[in-house]
Number of protein chains: 2
Amino acid sequence: MKLTTKGHYGFHAMIELARRQGQGPVMIREIGARYGISEKYLEQIMRLLRQAGLVESSRGTRGGFWLAKPAAEIKAREILVSLEGEREPRSLHPIPRKGSRSRCAVLEVWQETEEASRRLWDQKTLADLAARQEVLDHVSGEMDYNI
Amino acid sequence: MKLTTKGHYGFHAMIELARRQGQGPVMIREIGARYGISEKYLEQIMRLLRQAGLVESSRGTRGGFWLAKPAAEIKAREILVSLEGEREPRSLHPIPRKGSRSRCAVLEVWQETEEASRRLWDQKTLADLAARQEVLDHVSGEMDYNI
DNA sequence: AAGCAATACTATTAGATTAGTAGTAAATAT
DNA sequence: ATATTTACTACTAATCTAATAGTATTGCTT
């Protein structure tokens with residue numbers, strides 16, 4: 001699983017929606033302004049999340065986005081996959097070997113690492129992330145660092 | 001840890017050197033031809049491996065490359081890092097949060113996954129990979145698939 | 001019905017990264 | 001000397017990422 005800016009933005013948008021669950025639609029403009037994310041870019045990101053069924057939306061005045069289900073029922077990996085896609089090992093150049101039917105020891109290890117990563121993202125829910133971020137925001141002290 | 005074509009090529013070159021350890025220098029041309037890798041590109045890859053101290057080389061007739069130490073003493077992760085570099089979480093756009101001293105819950109999870117991945121690559125040695133590839137090459141049967 | 005305010009969608013673009021190519025320099029065996 | 005191989009630098013094409021731009025559509029308000 002990779003994590004680019006797009007996924008990172010999407011997570012923070014989702015955390016914001018989790019925070020404000022039950023309080024009506026949240027506009028892209030609000031999220032963009034609050035976290036310094038391009039609103040046009042965020043628009044695309046929110047569309048992907050909607051197409052993945054993770055959020056719902058409404059247009060027009062008082063329009064905006066909200067979570068399609070409780071934050072505890074949304075796995076972090078669902079968010080990641082909807083924005084970054086599944087990483088394909090096959091995108092790598094194939095190494096031709098004699099017989100051309102052989103598997104690749106390197107890709108086996110790579111797949112193990114992907115599997116480990118997938119498991120971790122599967123274990124976390126959006127509710128976990130939102131709760132953790134709440135803690136980090138309020139208890140940030142000397143030991144913290146910027147990212 | 002990411003794995004691109006460059007790393008994949010480098011691994012197979014190293015596996016070939018491991019196979020032929022003690023048999024004198026191996027030329028880029030041989031490896032390139034055998035595995036269908038651009039020789040010029042492989043040249044750059046081998047240089048990175050040499051600069052990382054994983055292989056040694058000699059020029060001219062009968063020149064080529066050989067492992068700088070036994071395959072069992074070379075970790076897969078050393079190969080990966082020398083070719084792909086360490087992945088920097090900081091390359092992601094920072095999300096400004098109130099106080100601007102706060103950490104990011106999303107990046108914490110991401111770092112967990114990277115750590116898990118690093119551990120796996122650390123556990124494998126080049127000797128492991130070479131041995132495993134040997135098995136895959138010779139015992140490739142019905143269940144195998146191409147990558 | 002009119003008009004404003006928000007999302008929906010499509011297309012385009014700039015920058016970064018990856019993969020590969022080209023050409024010259026330096027070293028080594030014969 | 002000369003052929004052969006790696007060493008190094010520079011450039012290029014293709015792909016991916018992060019945006020930007022503009023139009024269409026929907027829904028609320030008056």
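Owing to the predicted nature of the structure, the values given are computational and were not obtained by experimental measurement. Naming: A, B, ... by sequence-line order, numbering from 1 per chain.
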When you check the gap from the basic side-chain N to the acidic O, do [X] and [Y] get nearer than 4.0 Å?
X: B:R19; Y: B:D137; value: yes
X: A:R77; Y: A:E84; value: no
X: A:K69; Y: A:E78; value: yes
X: B:E56; Y: B:R50; value: no

Within-4.5 Å side-chain heavy-atom neighbours: A:Y9 and A:Y35: no
Between [N] ([atom2]) and [X] ([atom1]): distance, integer Å:
X: A:I37; N: D:dA19; atom1: CD1; atom2: P; value: 9 Å
X: A:W66; N: C:dT7; atom1: CH2; atom2: P; value: 11 Å
X: B:K6; N: D:dT15; atom1: NZ; atom2: P; value: 18 Å
X: A:L42; N: C:dA6; atom1: CG; atom2: P; value: 15 Å
X: A:Y41; N: C:dG15; atom1: OH; atom2: C1'; value: 13 Å

Phosphate-side-chain proximity, B:Y9 and C:dA19, N/O vs OP1/OP2 below 4.0 Å: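 So the side chain of B:Y9 is outside the cut-off, no N or O lying under 4.0 Å from OP1 or OP2 of C:dA19.
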B:T4 side-chain N/O to C:dT17 phosphate OP1/OP2 under 4.0 Å: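 The answer is no; no side-chain N or O of B:T4 sits under 4.0 Å from OP1 or OP2.
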First encountered from the 5' end of DNA chain C, between B:Q44 and A:G64: A:G64
Separation between CD of B:E112 and CZ of A:R119, rounded to the nearest 0.5 Å: 13.0 Å
Contacts of A:R62 that satisfy side-chain contact (heavy atoms from CB on, under 4.5 Å) - sequence neighbours left out: none
A:A52: partners by side-chain contact (heavy atoms from CB on, under 4.5 Å), with sequence neighbours left out: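 Expected list: A:L54, A:S82.
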A:T125 versus A:E73, side-chain donor and acceptor atoms under 3.5 Å: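 There is no such pair (donor and acceptor under 3.5 Å, judged by atom type) between the side chains of A:E73 and A:T125.
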A:H12 and A:E16 side chains, donor-acceptor separation under 3.5 Å: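 Side chains of A:E16 and A:H12: no pair found under 3.5 Å.
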Close residues, residues 21-31 of chain A, relative to DNA chain D [heavy-atom separation under 4.0 Å]: none
Sub-4.0 Å heavy-atom contacts from residues 45-56 of chain B onto DNA chain D, ordered by number: B:R47, B:R50, B:Q51
Nucleotide nearest A:S57 when distance is taken to its side chain, options C:dG20, D:dA18, C:dA8: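 Of the options given, the side chain of A:S57 lies nearest C:dA8.
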Footprint string (nucleotides 22-30 of chain D, 5' to 3'): B base within contact, S backbone only, - free, heavy atoms under 4.0 Å: B--BBBSS-
Using atom types as modelled, flag every donor-acceptor pair under 3.5 Å from a side chain in residues 39-46 of chain B to any protein atom, sequence neighbours excluded.
none

